[in-house]
Amino acid sequence: MVDRIPRTLIRKGIGLESPNFGSNCKVKLKIFSQDDIVKLAIEKEIVIGEECMHTNEVCVIPCDNGNLEKEFAISTEVDLWCEIELLSFFKAKEPWQSTSEEKLTIARHHKTKGTDCYKQLILIGDKLPNECQDDFEQLRVSCLLNLAACQGKLEQFEFVAQNCTKVLAMVPSNLKALYRRGQAFAHLNEFDKAKVDLEKALAVDPCNRAVQEQLRALKQKQSLHEQKLSRALGVMFGRKTSLK
């Protein structure tokens, strides 16, 4: 996929739209050596990575000689390069137009892509110069918060709390992390911890309606939980008394 391979832009494309995941693209390929000897020049329809090129754009990418031999029967001991021109493309269906099976395929694709990007983010962290560390930390915070939001949708509240804790270790007053961890603790019936986080979030933004609503919901949930616990204990001890 072109968007995962280092590429050199030769000519900018036109228009605002670009292929999405699964788009059918018509491209012109020219495979050549470093001394500009052309090995192959064809037009071909391929499935290309999303949002990586625009119509009429031309870029150059390094070739995988093993794939060249398999795909085009080109065998060479020298490094080859591939010039790609996007002639046209037919966009794949958007998620809201897709069937459940197609949505699952798209979700798996983005999950894999997100995982790869996050791994790269972790790997480059120790290699960045000092002046880039702040940008790295901001990007890591955003990734962790997005991950926590997804885990919340999946009701994986233990992981939500863990990832928000990582954010708060870097930015103790981060509103989203405090709010989402507070929500997670509430779902886990850790009411005291939830209250602490939500009150800290309210201190950061006293007018935040979402935090205010969550604090009210927490108070109601804790009250109901205590009532149920009280009834359960009453039944349990009542039965023990009757047995005597």
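What you are looking at is a predicted structure, and each value in this text was computed from that prediction instead of being measured. Heavy-atom basis, side chains included; hydrogens, waters and symmetry copies ignored.
Here the CD1 atom belonging to Ile31 is positioned 5.0 Å from the SG atom belonging to Cys82, to the nearest 0.5 angstrom. Of the inter-residue distances, the one linking Leu202 atom CG with Gln214 atom CD reads 12.0 Å to the nearest 0.5 angstrom. With values rounded to the nearest 0.5 angstrom, Arg209 atom CZ is found 8.0 Å from Gln212 atom CD. With rounding to the nearest 0.5 angstrom, the OG1 atom of Thr55 is 10.5 Å from the CG atom of Leu16. Interatomic distance, Asp205 CG to Leu178 CG, rounded to the nearest 0.5 Å: 11.5 Å.
Surrounding NZ of Lys28 are at most 12 heavy atoms belonging to other residues, nucleotides or ligands under 6.0 Å away.
When all heavy atoms of Leu9 and Val58 are compared, the pair lying nearest together is CD1-O, 3.6 Å.
Within the 3.5 Å criterion, the main-chain N or O of Leu198 finds no donor-acceptor partner in the side chain of Gln183.
Residue Met170 is not grouped with residue Leu175 when hydrophobic side chains (ILVMFWY) are merged at heavy-atom distances under 4.5 angstrom, including chains of intermediate members. Under the 4.5 Å side-chain contact rule for hydrophobic residues, Tyr179 and Val196 do not share a cluster. Follow the hydrophobic side-chain contacts under 4.5 Å out from Met53 and you reach Ile61 in the same cluster. In the hydrophobic cluster analysis, where Ile, Leu, Val, Met, Phe, Trp and Tyr join through side-chain heavy atoms closer than 4.5 angstrom, Leu40 is grouped together with Leu86. Leu224 and Phe191 fall into different hydrophobic clusters, where Ile, Leu, Val, Met, Phe, Trp and Tyr residues are linked whenever their side-chain heavy atoms come under 4.5 Å apart, directly or through other members.
Screening residues 193-204 for side-chain hydrogen bond (donor to acceptor under 3.5 Å, both in side chains), with sequence neighbours left out, gives Arg181-Asp197, Glu190-Lys193.
Counting heavy atoms from C-beta outward, Pro62 and Trp81 have side chains that approach closer than 4.5 Å. The side-chain heavy atoms of Lys12 and His54, taken from C-beta on, include no pair separated by under 4.5 Å.
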Only pairs under 3.5 Å count here: list side-chain donor-acceptor contacts from residues 142-162, not counting sequence neighbours, and write none if there are none.
| unit_1 | atom_1 | unit_2 | atom_2 | d |
| --- | --- | --- | --- | --- |
| Ser142 | OG | Gln138 | O | 3.2 |
| Asn146 | ND2 | Ser142 | O | 3.3 |
| Gln151 | OE1 | Asn163 | ND2 | 2.8 |

Could you please spell out the steps behind the side-chain contact (heavy atoms from CB on, under 4.5 Å) verdict for Ile84 and Leu29? CA-CA 5 Å; Ile84 302 177; Leu29 301 177; 3.7 Å; yes

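Under the side-chain hydrogen bond (donor to acceptor under 3.5 Å, both in side chains) criterion, Glu213 pairs with Arg216, not counting sequence neighbours.
Under the side-chain contact (heavy atoms from CB on, under 4.5 Å) test applied with Ser223, the options Lys221, Gln227, Gln220 reduce to a single match, Gln227. Checked options Glu57, Arg11, Lys30; the residue passing with Glu85 is Arg11 (criterion: side-chain contact (heavy atoms from CB on, under 4.5 Å)).
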